Amino acid sequence: MSRARVVVVGAGPAGMMAAAQAARLGCAVTLVDEASRPGGQIHRQPSPSLAGGAVSAAARPEAERKRRLFDRFARHAGSIDHRPGTSVTAVYGLDRILIADETSSQLIRADALVVATGLHERVVPVPGWTLPGVVTAGALQALLKGGRVRAGDRIAVAGAGPLPLVAAAQMVEAGATVPVVALLRPLWLGLLRDPAALWAGRGVLSEGWRWLSVLRRAGVPVLTRHVALSVSGDGAAERLVIARHDGRGRPVPGTEQRFAADTIAFNHGFTANSDLARMAGAETRFDPRRGGWLPVRDSDGATSVPGLFVAGDAGGLAGGLAAACDGAVVGAAAAGWALHRDAGRFAAQAATDRAERARHWTFQAALAPSWELPPDIHALVTPATVVCRCEGVTRARIDRAIADGHDGLNGLKRNTRAGMGSCGGRSCLRTLAALAGPRGEGEAVNARPGIRPVALAALANRVSDESMGS
């Protein structure tokens with residue numbers, strides 16, 4: 001008789017810890033991840049030939065967290081069937097999970113499935129945001145961490161929350177000039193009202209202060225309550241225009257400022273990658289602060305579908321530290337379900353991680369207001385502005401569809417093709433929902449097979465399918 005199997009999707013901090021915990025507790029574990037090496041976006045690894053190099057004082061806390069995470073994972077990596085460069089493109093049930101790499105596909109089974117697929121960056125479209133040279137703040141980090149590549153020489157950054165600030169500081173340390181960091185809200189908006197959260201997040205706050213000090217020493221202006229109005233240039237990004245906003249996201253006349261830049265990075269928060277969990281049938285709810293359409297889960301990560309668990313930021317934005325702890329908690333629960341049909345069987349094994357997770361959650365809840373977008377910010381999306389980059393759909397086209405009565409996300413998707421491109425709507429659906437109004441945010445788009453792009457040759461080359469045997 002085969003061992004009980006836990007399949008984990010995603011090898012970021014949550015997925016790595018879920019896989020390690022389940023392996024430690026005696027399960028056969030399959031870890032599926034699209035990247036060639038584990039670590040996720042936050043701990044993206046360069047190729048071995050590019051590894052090494054000095055670590056700055058500001059980057060040292062993250063480097064130490066990464067070391068601890070990988071050390072803990074390494075203790076059990078030998079017992080984990082790690083499938084790098086592999087996507088989960090459909091979930092038909094726990095006994096029929098379709099995975100594919102570049103050359104082949106396979107249906108695998110799970111006694112428990114852990115979805116740890118993380119987040120996708122959110123950008124509020126502005127005129128010119130599709131020009132070459134416009135990227136996300138996370139892309140700046142990915143290029144630097146994964147390839148030791150600086151995206152540009154003069155990099156302007158705008159958005160919400162702490163990521164734009166951190167990414168800008170990292171670009172300064174990499175040798176770039178940063179003319180401005182423009183944030184919609186002050187980062188400390190909710191923290192100053194919650195002393196317990198300040199204490200819970202003291203380590204993260206200290207790290208944030210180090211990055212802010214990097215910007216201050218470089219003379220980078222960090223402007224809060226400012227909104228990006230447009231990007232312009234002759235065939236590529238050359239200028240960013242920002243203005244102070246009125247608190248609701250509308251620019252205050254006469255406060256416009258222009259900054260020359262060859263690269264412009266945006267980040268307006270994140271959207272949870274919940275499509276796999278939704279395809280598997282998990283109940284969802286909409287939470288604008290924590291990532292949009294989130295699977296409803298309990299403290300063990302269990303969803304409304306027996307045997308289906310969600311770990312880390314895929315269940316709601318809480319940061320890498322909380323994700324690692326949550327992965328360990330969920331991994332224990334998944335192991336308990338796979339082995340004994342009892343998600344609480346190994347709860348004591350994750351007690352330390354559960355307590356640590358609670359501390360990080362307290363801090364993140366207080367930080368959440370800094371990600372909240374002003375209510376009128378989408379008024380800056382002009383009729384000619386492209387909303388869906390993959391399909392080239394403008395706001396004017398979306399407004400026409402809404403006027404014709406297609407005010408739900410699925411109707412808008414069918415009518416305009418917005419969200420049908422290669423990103424699967426990860427980049428545009430939150431904007432589409434905001435433009436559609438209350439019904440748009442209340443309705444998650446249908447998750448269908450083919451969630452991740454897969455070559456037809458890989459689908460045709462099906463190898464050794466597995467089954468539950470009944």
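Quantities reported herein were computed from a predicted structural model and do not represent experimental measurements.
- A donor-acceptor contact shorter than 3.5 Å links the side chain of Asp313 to the backbone of Ala318.
- Nearest heavy atoms, His245 versus Pro374: CE1-CG, 4.1 Å.
- Not one N or O on the side chain of Asn267 forms a donor-acceptor pair closer than 3.5 Å with the backbone of Thr136.
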Just do the salt bridge (Lys or Arg N to Asp or Glu O under 4.0 Å) check on Arg60 and Glu64 with the steps written out, would you? CA-CA 6 Å; Arg60 203 166 292 137; Glu64 179 59 22; over 6 Å; no

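- For the residue pair Ile155 and Ala176, the shortest heavy atom distance occurs at CD1-CB, 3.9 Å.
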Please lay out, stage by stage, how Arg357 and Asp326 fare under the test salt bridge (Lys or Arg N to Asp or Glu O under 4.0 Å).
CA-CA 6 Å; Arg357 181 185 66 177; Asp326 192 49; 2.7 Å; yes

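- With hydrogens and angles disregarded, a donor-acceptor distance shorter than 3.5 Å links the side chain of Thr86 to the backbone of Pro84.
- The pair Arg210-Glu207 does not meet the salt-bridge criterion, since no charged nitrogen lies less than 4.0 angstrom from a carboxylate oxygen.
- The backbone N or O of Asp153 sits less than 3.5 Å from a side-chain atom of Asp262, completing a donor-acceptor pair.
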Give the intermediate values and the outcome of side-chain contact (heavy atoms from CB on, under 4.5 Å) for residues Arg426 and Asp275. CA-CA 10 Å; Arg426 288 172 173 82; Asp275 40 13; 2.7 Å; yes

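- Atoms NE2 and CG, from His268 and Leu163 in turn, are 11.5 Å apart once rounded to the nearest 0.5 Å.
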Check step by step if side-chain contact (heavy atoms from CB on, under 4.5 Å) holds for Trp371 and Arg290. CA-CA 9 Å; Trp371 274 289; Arg290 299 188 61 233; over 6 Å; no

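- Heavy-atom minimum distance, Leu69 versus His43: CD2-CD2, 3.6 Å.
- Here the closest non-hydrogen pair linking Gln349 and Arg24 is OE1-NH2, 3.1 Å.
- Each of Arg122, Glu121, His120 was compared with Phe270 under the side chain to side chain contact (heavy atoms under 4.5 Å, CB included) criterion, and only Glu121 meets it.
- One N or O on the side chain of Asn410 and one on the backbone of Asn446 form a donor-acceptor pair closer than 3.5 Å.
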*Could you check Arg65 against Leu321 for side-chain contact (heavy atoms from CB on, under 4.5 Å), going step by step and ending with a plain yes or no?*
CA-CA 8 Å; Arg65 286 200 303 274; Leu321 288 167; 2.8 Å; yes

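- Heavy-atom neighbours of Arg239 CZ from other residues, nucleotides or ligands within 6.0 Å: above the threshold of 12.
- Closest non-hydrogen pair, Ala20 versus Arg72, comes out as CB-O, 4.4 Å.
- A donor-acceptor pair is defined here as one N or O able to donate and one able to accept, closer than 3.5 Å; such a pair exists between the side chain of Arg148 and the backbone of Lys145.
- In this structure a side-chain-to-backbone donor-acceptor pair under 3.5 Å is missing from Glu238 to Gly233.
- More than 12 heavy atoms of other residues, nucleotides or ligands lie within 6.0 Å of CZ in Arg202, so this atom counts as buried by the packing criterion.
- Side-chain atoms of Thr303 do not come within 3.5 Å of backbone N or O of Ala282 as any donor-acceptor pair.
- Across all non-hydrogen atoms, the minimal contact from Ala334 to Ala112 is O-CB, 3.5 Å.
- Geometrically, Arg389 engages Trp129 in a cation-pi contact, judged by NZ or CZ lying under 6.0 Å from the ring centre and within 45° of the ring axis.
- No salt bridge links Glu62 with Lys66; every basic N to acidic carboxylate O contact stays at or beyond 4.0 Å.
- Remark: the backbone N or O of Glu372 is not paired with any side-chain donor or acceptor of Arg289 at under 3.5 angstrom.
- Under a 3.5 Å cut-off, the side chain of Arg44 and the backbone N or O of Gln41 do not form any donor-acceptor pair.
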